[in-house]
Amino acid sequence: MGRNNKHYSKTLHQQAYDCLQSMKAFGESKRKEKLEGSIKNKIFSFNTYQTYSKHIDYFIKYLGVHHPEITTLDKARAFVPEWLKYQESRGLSAWTVQTEAKALGKLFGITPEDDDYYEPPQRHRVDVKRSRGPAKRDIHFSEANNYDFVSFCRCTGLRRSEVEAAHASDLTTKKELVNEIAYLKTQPMNIKNYNRLTVLEETELFDAEYYIHVRSGKGGRERYAPIVGQEADKVVSRIKSIPKDKKIFEYVPSGADIHGYRAEYATKMYKDNARPIDKIPYDKVNKGTGYEYQSEVYTCRKDEQKKKLDKGAMVKCSKALGHNRAEIVAGSYIRGL
């Protein structure tokens, strides 16, 4: 009866929900939409959708308490700067405030060019607290009692959601991958075969004997994560002992610092593949100055200014972790160099 009542109107929560639903584009090509200029009103990742929905919900609840007279999204937009300043004043991290700004920017179509755009605080790598040392949750998690789990994480670099989804059947060998690549190259190159071949050929970057097939990582991306490290043989042996139709871990401990294990994996991957910086050739010439420079060398920024890394090793590290941008490993993963 409510929807047939002429006085019925949707709540802010319902309006926001409908708006976000219309933006769902899970599984679609983000790159294609970006080239076509239609990326602004689309959300390509389920995890991103959930994150944005959560922070938008916080904003709407704030309006319900402090501005109950606001009943439409059009009017709610004016209070976005107020909300973000309030969140910043509460001492929330720059990462959290920027996430909230992006969530509301997506909902209201706010861009940096708009007059009411709120400039969120800058994020600095040195301020990151996650996985930078002992945390309160660590006292509830014993690495010794979870030896198999910790070894698996350190040797595969999988995200929490990827560990939760991993099955024993996802273990594969270099030989199997090489054989499938060779087979696909003999087949008609339709879209399906091309996409599959692209995923498989990324494994040519690595010199590992065994891999874990990540069927749907961040953004729905597929990859094969090389199994590396001192405990790699033990990890592989354990997986082989599990029935193919079973998960590798039926339970993933909530207190485990999985991001920290990913960082250890990334650092090892980088060290194993990095060339000495002074051995990387000066292969390009700067058009402005005429000086030669090393195009394969990445110069770190901010608190690690002037530290140099091998771009080739960064690419391998990034691909193994399931990222597309090589530079992200410098700021978020590679440590202690």
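With salt bridges taken as basic N to acidic carboxylate O contacts below 4.0 Å, one links Arg154 and Glu264. Between Arg238 and Glu231, no side-chain nitrogen of the basic residue sits less than 4.0 Å from a carboxylate oxygen of the acidic one, so the salt-bridge criterion is not met. A salt bridge links Arg196 with Glu180: at least one charged nitrogen is closer than 4.0 Å to a carboxylate oxygen.
No more than 12 heavy atoms of other residues, nucleotides or ligands lie within 6.0 Å of NZ in Lys234, so this atom counts as exposed by the packing criterion. Other residues, nucleotides and ligands contribute more than 12 heavy atoms inside 6.0 Å of the OH atom of Tyr49. The environment of Glu82 atom CD is dense: over 12 non-hydrogen atoms of other residues, nucleotides or ligands sit within 6.0 angstrom. For Asp18, the CG atom is densely surrounded, since the number of other residues' heavy atoms within 6.0 Å is greater than 12. Sparse packing is recorded around OH of Tyr282, with 12 or fewer heavy atoms of other residues, nucleotides or ligands lying under 6.0 Å away. Under a cut-off of 6.0 angstrom, the local environment of OH in Tyr251 is crowded, with over 12 non-hydrogen atoms contributed by other residues, nucleotides or ligands. Remark: Gln230 CD is loosely packed, at most 12 non-hydrogen atoms of other residues, nucleotides or ligands lying under 6.0 Å away.
Between Phe141 and Tyr261, the ring planes are tilted. Angles from 30° to 60° get that label. In this pair, Trp83 and Tyr62 present their aromatic rings tilted. The plane angle is within the 30 to 60° band.
Taking all atoms of both residues into account, the shortest heavy-atom contact from Asn286 to Thr289 is OD1-N, 3.1 Å. Between Asp170 and Ala165, the shortest heavy-atom contact is OD2-O, 4.1 Å. For Ala208 against Val228, the heavy-atom pair with the smallest separation is CB-CG1, 4.3 Å.
His167 is not listed as a side-chain neighbour of Ile248, based on a closest heavy-atom distance of 4.5 Å or more.
If you run salt bridge (Lys or Arg N to Asp or Glu O under 4.0 Å) between Glu162 and each of Lys247, Lys218, Arg223, only Arg223 comes through.
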